[in-house]
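Quick notes on the structure that follows.
Note that the numbering runs from 1 along the sequence shown for the chain.
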Amino acid sequence: MLKTQIHRPDNARTFFLLNKPCIPSHGFASFSFRPGPQLQKKYRNVRAGYVLENAKAVAGGTRVSTSVKATVTVKLSDGGCFYNLVGLSHGPDDILDLLGKSLLLEIVSAELDPKTGLEKKPISRYARRTGQKDGEVIYESEFVIPGDFGEIGAVLVENEHKNEMYLKHIVLNGLPNGPIEFNCDSWVEPKFDKPEKRVFFTFKSYLPSQTPRGLKSLREKDLVSLRGNGKGERKTSDRIYDYDVYNDLGDPDSKPELARPVLGGSKKYPYPRRCRTGRPRSKIDPLSETRSGTFYVPRDEEFSEVKQNSFITKTAESVLDALLPSLEAVLLDDPGLGFQHFSDIDQLYNQGMPIPKLKNQGPLQSLVLRLVKAVEDADDVVKFETPAMFHKDKFSWLRDEEFSRQTLAGVNPYSIKLVTEWPLKSKLDPDVYGPPESAITTELVGREIKDFMTVDKALEQKKLFIIDYHDLLLPFVSKVRRIKGTTLYGSRALFFLTPDGTLKPLAIELTRPPMDGKPQWNKVFTPSSEATGLWLWRFAKAHFLAHDSGYHELVSHWLRTHCATEPYIIATNRQLSVMHPIYRLLHPHCRYTMKINALARQVLISADGVIESSFSPSKYSMELSSVAYDQQWRFDREALPADLINR
């Protein structure tokens, strides 16, 4: 359970003002005493509260101040200013550390000055480095908090090193109600690059209307800094969340055939927004961005370990560059021919395959853990992970039972749905794509389920289910078929729910629209025990599964899981302060998604990338994803149970 406190300030005057002047914790509550009219003249300046050992009397005893110790924890990161901190090996930064002038802290009150109505002046102190332990550097500072300072609401941080630092947390000890911890988990850039001080709020949550008056200005300034101004090219050190369209998938400046349409911002290609990078425009296509430089994400969206981030981004390119050509070079004399024998496929699992030396050596198995397993690192030999079902039945993938089982237990259980309209009919323009009626007829289905019930009964009892890619794929068939070495159909598969609770495949329909002067062609394939019919049925399943695999990666996975999530992450950071309870609920689920998406744009969904090289729609893969977004994606149907009810 999330136990974030939502602070509701009480403006009514009370005799005991709990949790003042310091933030509440698990310690004892401090209190203020408000004397009656008869005592106000005699005890005009008296303020009562718990007196601690570290409390100091000031101004003739009328106020009590408190000594507070601030402890700052900075995480060591390879490549930054804090790796191998020994002696003076880092020049100016180490000198600043020795002088105690490298990290400035300012404690901010949550209350306004009652005399001026303005924010109270922050209390500033430099923190000095006091030690290093378990990969973390510790800084400490001493503050004296006046008795009338009020509740502590935030800490401002200024990094006076020449390099960025990863700030984990700040703890204030010595307060009447116990320590206050600021969970920062953020990169703080040097003031020479980012002169604005970074603000970190306490872990108390506030709705906008309930924000303490002393923090309202800081809350809004922090949001403004995250929104940016929509201009210029983003730097890797920026923390700006802004929107843009998918205009960096193609690379027309490199090769004209690598040009791709802009996705998003048009009725023809609607699409979710991505994070703006602001890179220069293409010379060939002014609507597209160049792919030069980095694929920017806000600094705190980077992977937490700099070394890990460097390994993934640099080594991934080497693995993809080396592994994919090796498959062709080692296994296929002619990539267009495919595998010649089943034994060629078995070789991937049993014997493994050699790969050339990588440009950047590293633990290969950690990068492709779900795809390959290293058997002899010294010889650069890898094996593909054997599917578990192969251990019991090597040819289970050929069987109808496995074909049906994977509609729910496979990688893509998001497409199957109940048949609610009969007979099946396309919604595409018949003048362009041919007759809309499906070739899966009542008579054909009746023959397949005659041992169970009639078609009318099956529909009435909700026993017929379908996976239908017909209307989504058919508009792309003629374009894809013009690409050498590939083909495509519109497809749909029909299933029957048997009394024992398993699915029985009934029929697969493949359709080609009118093209090259030929009329529409479509054919229905059904399970068969006769040799020719059996292999035709298996070929139909292979085509359909290729379509299902592509749909899973392009729509179920990329579009619904990654792409459609990014604009919500951007909006969350632009509109919800880190103090907002909903922000704190969403943040753990959103972190690193933008970085993963940026890597996908870099090597997976880009022109001639892994997706286009691996799936049936080829160069039109992302266009198909845009069409699916237009036709199928609805916010109110994405969650459970709405998705299941809709299907």
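- Under the 6.0 Å cut-off for aromatic ring centres, Tyr568 and Phe635 qualify, their centroids lying closer than that.
- Between the side chain of Ser626 and the backbone N or O of Pro270 there is at least one donor-acceptor pair closer than 3.5 Å.
- In plain terms, the two heavy atoms of Leu464 and Leu418 that are nearest each other are O-CD1, 3.5 Å.
- Considering only heavy atoms from C-beta on, Leu510 stays 4.5 Å or farther from Asn522 through its side chain.
- Dense packing is recorded around OH of Tyr583, with more than 12 heavy atoms of other residues, nucleotides or ligands lying under 6.0 Å away.
- Each of Tyr592, Tyr296, Tyr241 was scored for a side chain to side chain donor-acceptor pair (under 3.5 Å) with Glu301, with one residue passing: Tyr241.
- Atoms CD and OG1, on Glu638 and Thr565 in that order, are 9.0 Å from each other to the nearest 0.5 Å.
- At a cut-off of 3.5 Å, with distance as the only test, a side-chain donor of Asp285 or Ser288 sits close to an acceptor on the other residue.
- Stacking of Lys523 on the aromatic ring of Phe525 is recorded, both the 6.0 Å distance cut-off and the 45° axial limit being met.
- Using a 4.5 Å heavy-atom cutoff, the side chains of Leu408 and Ile416 are in contact.
- In this model, a donor atom of one side chain and an acceptor atom of the other lie less than 3.5 Å apart for Asn412 and Ser415.
- Remark: Phe390 CZ is packed, more than 12 non-hydrogen atoms of other residues, nucleotides or ligands lying under 6.0 Å away.
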(request) Go through the steps for Ser606 and Arg601 under the test side-chain contact (heavy atoms from CB on, under 4.5 Å), then give the verdict. (result) CA-CA 6 Å; Ser606 56; Arg601 299 203 325 270; over 6 Å; no

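- By the 6.0 Å and 45° rule, Arg560 does not stack over the aromatic ring of Tyr629.
- A ring-centre distance under 6.0 Å is found for Trp187 and Tyr166.
- By the 6.0 Å contact criterion, CD on Glu421 is open, its count of non-hydrogen atoms from other residues, nucleotides or ligands being 12 or less.
- With no hydrogens or angles considered, no side-chain donor-acceptor pair links Glu289 and Ser282 at under 3.5 Å.
- Residues Tyr489 and Trp521 meet the side-chain proximity criterion, which asks for heavy atoms closer than 4.5 Å.
- The closest side-chain heavy-atom distance from Leu263 to Val245 is not below 4.5 Å.
- Arg239 has a carboxylate O that lies under 4.0 Å from a charged side-chain N of Asp300, or vice versa, which qualifies the two as a salt bridge.
- Contact annotation: the side chain of Leu599 approaches that of Phe303 to within less than 4.5 Å [non-hydrogen atoms, C-beta and beyond].
- Geometrically, Lys479 engages Tyr620 in a cation-pi contact, judged by NZ or CZ lying under 6.0 Å from the ring centre and within 45° of the ring axis.
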(message) Pair Phe495, Phe403 - check ring pair (Phe, Tyr, Trp, His ring centres under 6.0 Å), show working.
(response) CA-CA 11 Å; Phe495 300 86; Phe403 174 63; 5.6 Å; yes

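- Among Tyr246, Tyr243, Trp558, the one residue that satisfies the ring-ring contact (aromatic ring centres under 6.0 Å, His included) test with Tyr271 is Tyr246.
- For the pair Glu402 and Arg399, the salt-bridge criterion is not met [side-chain N within less than 4.0 Å of a carboxylate O].
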(request) Please lay out, stage by stage, how His470 and Thr511 fare under the test side-chain contact (heavy atoms from CB on, under 4.5 Å). (result) CA-CA 8 Å; His470 180 278; Thr511 304; 3.6 Å; yes

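- Of the residues listed (Asp242, Asn597, Asn247), the one engaging Arg274 in a side chain to side chain donor-acceptor pair (under 3.5 Å) is Asn247, and it is the only one.
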